[in-house]
Amino acid sequence: MTLTVLGLGAMGTALTRAWLAAGHHVTVWNRTPARAERLAAEGATVAATPAEAVAANRLVVTCLLDHASVVDVLDGTDLAGRDLVDLTTGTPAQARDRAEWAAGRGARYVDGGIMAVPPMIGVPDSGAYVFYSGSVDLFAEHERTLAVPAGAKWVGDDPGHAALHDVALLGGMTGLFAGVTHAFALVHGEKDIDTGEFATLLVDWLAACLPFTQRMAQRIVTGDYTSDVTSNLAMQVTANRTMVDTAVDQGVRPDLITPYLDLSARGVAEGQGAEDGARLIELLRR
Ligand code: FVH
């Protein structure tokens with residue numbers, strides 16, 4: 001098993017180490033050579049230029065800072081007959097552009113969205129995985145290699161879909177941590193409330209709420225937002241005032257929660273008060 005890795009930042013280094021540990025022959029290149037030298041001591045072959053690194057192997061993995069750096073690094077390399085897998089975080093549109101760009105240079109292309117931080121890479125049962133999309137033939141041929149550093153989840157032949165899944169999950173996480181940050185701000189410094197004990201309550205509460213995500217999915221798929229609604233939007237909007245008033249009383253800016261509360265109020269104003277909050281995606285997508 002041989003492959004090339006371009007980009008040896010925190011993530012590229014972790015990926016390369018995982019492949020080396022699994023016995024793969026890895027050719028590496030990095031803009032700052034010192035990072036490649038460290039991996040040479042662990043068995044990697046260091047290429048002097050991106051062109052040399054790309055020429056060394058059919059499977060070429062890029063893990064660079066952003067879209068612009070990928071184009072910078074690959075410009076001037078001969079990609080004809082290469083299988084390019086880009087694990088650099090980007091937008092779906094950038095991934096589709098890169099797929100077209102690679103095809104124009106005779107390469108097959110798969111885009112990847114990494115759902116992990118570097119310490120999780122190459123660690124069995126860490127939960128790390130990567131979304132992949134693009135050329136199904138490329139993926140089928142290299143799946144075993146790609147699955148070495150982290151689990152490999154195929155999400156279809158639209159090259160933008162790996163990035164879309166990645167960014168959508170990051171969006172969910174961002175909203176979650178916005179709520180968590182708000183909750184801690186409300187109680188922090190309050191006499192007789194221990195932050196560590198509060199954290200346990202918060203974790204348990206969020207865990208109890210998370211299964212409702214599946215119920216939301218069912219409502220979104222069926223388009224039926226009315227049946228079996230136990231906490232309709234109108235009730236929530238009334239209760240939301242309590243959340244804002246409490247924040248103000250506690251001297252906490254409600255900025256992290258108001259966008260969602262405002263959207264809920266708009267839903268009620270537009271006649272959706274008796275429906276489930278899942279309906280709000282239709283207001284967002286307008
Ligand atoms: N680290 C993480 O937690 C996240 C987890 C999820 C996925 N991301 C994405 O992975 C990409 C790489 O991230 P990284 O953590 O390896 O990032 P850095 O440690 O900052 O390394 C960046 C590498 O990119 C090289 N580079 C930057 N600009 C250029 C350029 N114009 N030309 C050539 N190379 C460039 C940089 O080289 P150097 O600074 O060592 O010379 C590093 O190799 C990223 O998309 C994350 O969003 C990681």
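When a ligand or atom number is given, it counts from 1 through the structure's own listing order. These numbers were taken from a predicted model, which means no experiment stands behind them. Hydrogens, waters and symmetry mates are skipped; everything else that's a heavy atom, side chains included, is used.
In this structure, the separation between CG on Leu138 and CG on Leu146 is 7.5 Å, given to the nearest 0.5 Å.
In this structure, Trp29 shares a hydrophobic cluster with Leu6, Val54, Val60, Leu64, Val70, Val73, Leu74, Leu79, Leu84, Trp101, Tyr109, the cluster being traced through Ile, Leu, Val, Met, Phe, Trp and Tyr side chains under 4.5 angstrom apart.
Ligand 1 is surrounded by Gly7, Leu8, Gly9, Ala10, Met11, Gly12, Asn30, Arg31, Thr32, Arg35, Cys63, Leu64, Leu65, Ser69, Asp72, Val73, Thr88, Thr89, Ile114, Ala116, Val117, Pro118, each with at least one heavy atom closer than 4.0 Å.
Every residue two or more places apart in sequence or in another chain that forms a side chain to side chain contact (heavy atoms under 4.5 Å, CB included) with Arg144 is listed here: Met1.
Side chain of Ser133 to backbone of Ala162: a donor-acceptor contact under 3.5 angstrom is found.
Under the 30°/60° scheme for interplanar angles, the aromatic rings of His165 and Phe131 are found to be tilted.
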Sequence neighbours excluded and cut-off under 3.5 Å, please list the side-chain donor-acceptor pairs for residues 249-258, or say none.
from   : atom 1 : to     : atom 2 : distance (Å)
Gln250 : NE2    : Leu186 : O      : 2.8
Gln250 : NE2    : Glu190 : OE1    : 3.3
Arg253 : NE     : Asp255 : OD2    : 3.1
Arg253 : NH2    : Asp255 : OD2    : 2.8
Thr258 : OG1    : Pro254 : O      : 3.4
Thr258 : OG1    : Asp255 : O      : 3.4

